[in-house]
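Note that the structure is a prediction, hence the values are computed from the model and not measured. Each chain gets a letter, A, B and so on, in the order its sequence line appears, and its residues count up from 1.
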2 protein chains.
Amino acid sequence: MTVDLTIFTVRGDQLMVLLVERGLEPFLGRPALPGGYVQKDETLREGALRELGEEAGIDGGRLHLEQLGAYGDPRRDPRGRVVTVAYLALGPDLPDPVGGTDARRAYWASASQLANDGMDLAFDHPAILAEALEEVRRKLEYTAVATAFCPEPFTLSELRAVYEVIWGQQLDPSNFRRKVLNTAGFVQPTGEQRLPPTGRPAALYRRGNAWLLNPPLLRGTGYVT
Amino acid sequence: MTVDLTIFTVRGDQLMVLLVERGLEPFLGRPALPGGYVQKDETLREGALRELGEEAGIDGGRLHLEQLGAYGDPRRDPRGRVVTVAYLALGPDLPDPVGGTDARRAYWASASQLANDGMDLAFDHPAILAEALEEVRRKLEYTAVATAFCPEPFTLSELRAVYEVIWGQQLDPSNFRRKVLNTAGFVQPTGEQRLPPTGRPAALYRRGNAWLLNPPLLRGTGYVT
DNA sequence: AGATGTTTAAGTCAATATGACCTTTAGGGG
DNA sequence: CCCCTAAAGGTCATATTGACTTAAACATCT
């Protein structure tokens, strides 16, 4: 039993995923999702949080962490039967390649670039990553999970940028604002403002208490790019 | 490693879930979800399909089967660490309590009744069942999964009954029809008709090729009961 | 045969949500 | 003081939804 982590963050205009360079056989030297064996006395979630710290140097306390699913093809690991439980972790712009306590290198990679260049990840990690990406894209529609990518407090433009980066399409700023503000509990105003490099000050918000968006925020045809 | 199955079907006006009476310790005699150990050379899905046949006598070939998630609390099984992967299986009115090849009794139980009477299921199966139920309710909204409960061909009233039973609320027949027929690929007409016990003949449909409903069919306020 | 009951099918209409687009506001810099 | 930029707020045609009404197609009863 192992857990594997798909850790996403938004940096600039890119969705990044955290990869490690494997320091052990099999797949030595190949990029892979961080992960490791589950210990006897911990829950799967605890194991995921522990690996988050050990392999990525990230404190999972402030991250959104949810289970993606179990992957158990008997041929997925050349060593024999290893079932892995994949977790999805989402956070605001996270610290740089914090090499884990394990000596291997850890770094952020562009998710879209990985998808294009054919990702040569170890094990069945390409499939896990693909499912994770699809899950995030879908969840943006009908949950308020996008706020997990924004350091608080945040502006509506920052929140919109999360959608635009992950969906790969521009959204109308005005319609986006209307939709978010009309959805009770999506965000809550702090009353504060922040000055952008240029332009009018932007109001600041925190995450609201709502999780499900009803009706959802659909990535319909409302794009510009 | 085990797999556990939450098998739902609609019978009349009730959502039923398949339970077995445990024939082994621990929890001997207690109701539980069907399931069992995963074998070394099979995928998780294959294991689920095999247990479907062995414990419930059901041919999984025509069922909708999807993974729910892994449950791995180290205290969930008194025997020690057993991680289980829960699967969700959905099908049209399935054969009666087909006692499995294992000698234990297998039977259909009302899902809503279980939820009320406080279900004394073995292990963490109450939690698994609760999550499965919530998953089905949510998936009805934004996927065409409801058709998995209808034997083909089916009428729109039969499809609507699935929603009504699982959501526990009446839907407006006319608005439901409009929504389903306007959603490309949800259902496809066969051209055939069927006579109800009384009343106008109903057109028959098969499942369409669409899986995601866009926009979703929300369980808003549109109820009558 | 014709009236009646029942269920499916189809239509109406106001309220709401969406997509596309425009205008105003509030800053900083020249 | 003017200009540029991004945020904020508004307009309007269109699409969708919810509530409700009407028509059609069968079986049965009288």
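- One N or O donor and one acceptor, one from the side chain of A/Ser174 and one from the base of D/dG10, sit under 3.5 Å apart.
- Classification of A/Arg138 and A/Glu141 as a salt-bridged pair fails, no side-chain N sitting under 4.0 Å from a carboxylate O.
- Taking every side-chain heavy atom of B/Thr198 into account, C/dG5 is the closest of C/dG27, D/dA19, C/dG5.
- Here the C1' atom of nucleotide C/dA20 and the CZ atom of A/Phe176 are 17 Å apart, to the nearest Å.
- The base of D/dA7 has none of its N or O atoms less than 3.5 Å from a complementary donor or acceptor on the side chain of A/Ser157.
- Between D/dT17 and B/Lys179, a contact under 4.0 Å exists linking OP1 or OP2 to a side-chain N or O.
- Remark: the backbone N or O of A/Ala70 is paired with a side-chain donor or acceptor of B/Gln67 at under 3.5 angstrom.
- A/Asn214 places its CG atom 16 Å from the P atom of C/dT16, with the value rounded to the nearest Å.
- If you take CG of B/Leu181 and P of C/dT8, they are 13 Å apart, rounded to a whole angstrom.
- One can place CG of A/Asn175 at 15 Å from P of D/dA7, the figure rounded to the nearest angstrom.
- If you take CG of A/Leu171 and C1' of C/dT18, they are 13 Å apart, rounded to a whole angstrom.
- One interatomic measurement links the two molecules: CG of A/Leu218 to C1' of C/dT18, which rounds to 10 Å at whole-angstrom precision.
- Checked by distance alone, A/Arg178 brings a side-chain donor or acceptor within 3.5 Å of a matching partner on the base of C/dG19.
- Atom CG in A/Leu195 sits roughly 19 Å away from atom P in C/dT25 (whole-Å rounding).
- A donor-acceptor pair under 3.5 Å links the side-chain atoms of A/Tyr87 to the main chain of A/Arg45, judged by distance alone.
- Side-chain atoms of B/Thr183 do not come within 3.5 Å of backbone N or O of B/Leu213 as any donor-acceptor pair.
- Side-chain atoms of B/Arg194 come within 3.5 Å of backbone atoms of B/Pro153 as a donor-acceptor pair (strictly under, hydrogens ignored).
- Side-chain atoms of A/Arg177 stay outside donor-acceptor range of the base of D/dA8, with no qualifying N/O pair under 3.5 Å.
- In the interface, the side chain of B/Arg200 is paired with the base of C/dT8 through a donor and an acceptor atom under 3.5 Å apart.
- Along DNA chain C, the nucleotide closest to B/Glu158 and the one closest to A/Leu217 are compared, and the more 5′ of them pairs with B/Glu158.
- For the pair A/Arg194 CZ and D/dT5 P, the interatomic distance rounds to 21 Å; values are reported in whole Å.
- Nucleic acid contact for A/Pro196: none, since no nucleic acid atom lies under 4.0 Å from a heavy atom of the residue.
- Distances from the side chain of A/Ala203 to the nucleotides D/dA8, C/dA17, C/dA9 place D/dA8 closest.
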